[in-house]
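Worksheet for the structure shown next.
Quantities reported herein were computed from a predicted structural model and do not represent experimental measurements. Just so we're on the same page: letters track the sequence lines, and every chain starts at 1.
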Amino acid sequence: MMRFYRAVWRLVERIPRGRVATYGQLAALLGHARAARAVGVAMRHCPPGVPWHRVVNARGGISVRGNVAAMVTQRIRLEQEGVTLRSGRVSLPRWRWRPTRGRRLRLAALDRL
DNA sequence: TCCGTGACACAAG
DNA sequence: CCTTGTGCCACGG
């Protein structure tokens, strides 16, 4: 159980420092283009160690709900990594993580867990 | 098996 | 820019 969530966490761990990915982007990379919401739920149950703060919504904004502390933490951590926010949003063209396809990102392998 | 729950995305107004 | 409304879907009860 929770196969999808675990695949999401593993993928999030691949996001480099100073870069961000969107919920929809991660879902698509996992081959579930329409499961962006599920990715959000996966983030809410993130096990320690997963760089959840590098995941933002399609507009580059912070989507954390009902948790002011986490919301602030995400902004602080992103800034510490050099990601700049303007009006609470990051420029996706500038900071979006673009994984190199091919041997490195093995979707089949990710899907298997 | 059915049903409610979201850290989504996108289109309208 | 903001606010709704709608479509989507993995998960757990």
Side-chain angles (χ1 to χ4, degrees):
Chain A
M1 53 198 289
M2 282 179 39
R3 257 189 17 181
F4 183 72
Y5 290 176
R6 283 185 300 207
V8 172
W9 299 329
R10 287 183 51 178
L11 184 54
V12 170
E13 293 180 328
R14 300 178 52 76
I15 305 175
R17 275 178 61 88
R19 310 248 67 169
V20 302
T22 69
Y23 298 92
Q25 174 187 357
L26 296 174
L29 285 171
L30 291 171
H32 294 237
R34 289 165 286 183
R37 284 189 90 162
V39 171
V41 178
M43 287 301 94
R44 201 162 91 64
H45 302 73
C46 242
V50 177
W52 54 270
H53 60 283
R54 297 179 188 145
V55 184
V56 299
N57 63 36
R59 296 172 325 199
I62 288 172
S63 274
V64 178
R65 312 253 199 205
N67 188 333
V68 186
M71 189 166 38
V72 175
T73 297
Q74 178 163 22
R75 181 170 60 68
I76 299 297
R77 287 188 182 175
L78 285 175
E79 295 180 325
Q80 292 183 321
E81 297 185 355
V83 177
T84 59
L85 290 86
R86 273 155 32 204
S87 304
R89 314 192 322 147
V90 310
S91 167
L92 290 176
R94 180 174 177 181
W95 304 108
R96 185 199 288 278
W97 169 48
R98 294 193 184 63
T100 312
R101 274 186 304 162
R103 85 226 160 259
R104 206 59 90 210
L105 181 61
R106 298 178 50 58
L107 299 181
L110 286 172
D111 196 51
R112 201 178 315 137
L113 195 167

Problem - Among C:dA10, C:dG12, B:dG6, the nucleotide that comes nearest once only the side chain of A:F4 is considered - result: C:dA10
Completion exercise
Rounded to the nearest 0.5 angstrom, the CD1-CZ distance for A:I15 and A:R96 is 11.0 Å
Completion exercise
Taking C:dA10, C:dC11, B:dA9 as options, the one with an atom nearest any side-chain atom of A:M2 is C:dC11
Problem - Given C:dG7, C:dC9, C:dC11, the nucleotide with the shortest approach to the side chain of A:R34 - result: C:dC9
Practice task
Assess whether side chain to side chain contact (heavy atoms under 4.5 Å, CB included) is satisfied between A:M43 and A:V12, documenting all intermediate values.
Solution key: CA-CA 9 Å; A:M43 287 301 94; A:V12 170; 3.6 Å; yes
Handout entry: Proximal nucleotide (of C:dA10, B:dA9, B:dG6) relative to the A:A58 side chain
Key = B:dA9
Handout entry: Separation of B:dG6 P from A:R65 CZ (nearest whole Å)
Key = 11 Å
Exercise for the section: Can you measure from CZ (A:R19) to CG (A:L92) and round to the nearest 0.5 angstrom? Expected result: 10.5 Å
Problem - Which nucleotide in C:dA10, C:dC8, B:dA9 has an atom nearest any side-chain atom of A:Y23 - result: B:dA9
Practice task
Rounded to the nearest angstrom, tell me the gap between atom NE2 in A:H45 and atom C1' in C:dG13.
Solution key: 13 Å
Practice task
Give a yes/no answer on whether the side chain of A:H32 brings an N or O atom under 4.0 Å of OP1 or OP2 in C:dC9.
Solution key: no
Practice task
Would you classify A:M1 as touching base, sugar-phosphate or nothing, given that sugar-phosphate means primed atoms plus P, OP1 and OP2, and contacts are heavy atoms under 4.0 Å?
Solution key: sugar-phosphate
Handout entry: Distance (rounded to the nearest 0.5 Å) between A:Q25 CD and A:L11 CG
Key = 8.0 Å
Problem - Whole angstrom value for the distance that separates P of B:dT5 from OH of A:Y5 - result: 14 Å
Practice task
Using whole Å, report how far CZ of A:R37 lies from C1' of C:dG5.
Solution key: 12 Å
Problem - Nearest-Å distance for atom pair CH2/C1', residues A:W9 and C:dC11 - result: 11 Å
Practice task
Name the closest nucleotide to the A:A36 side chain, picking from C:dC11, C:dC8, B:dA9.
Solution key: B:dA9
Practice task
Specify the separation, in whole Å, of atom CZ of A:R6 and atom C1' of C:dG12.
Solution key: 15 Å
Exercise for the section: Could you check how far CG of A:L29 sits from C1' of B:dC8, rounded to whole Å? Expected result: 15 Å
Problem - Test: A:R75 and A:E79 ion pair at under 4.0 Å - result: yes
Problem - Value in whole Å for how far the C1' atom of B:dT5 lies from CE of A:M43 - result: 17 Å
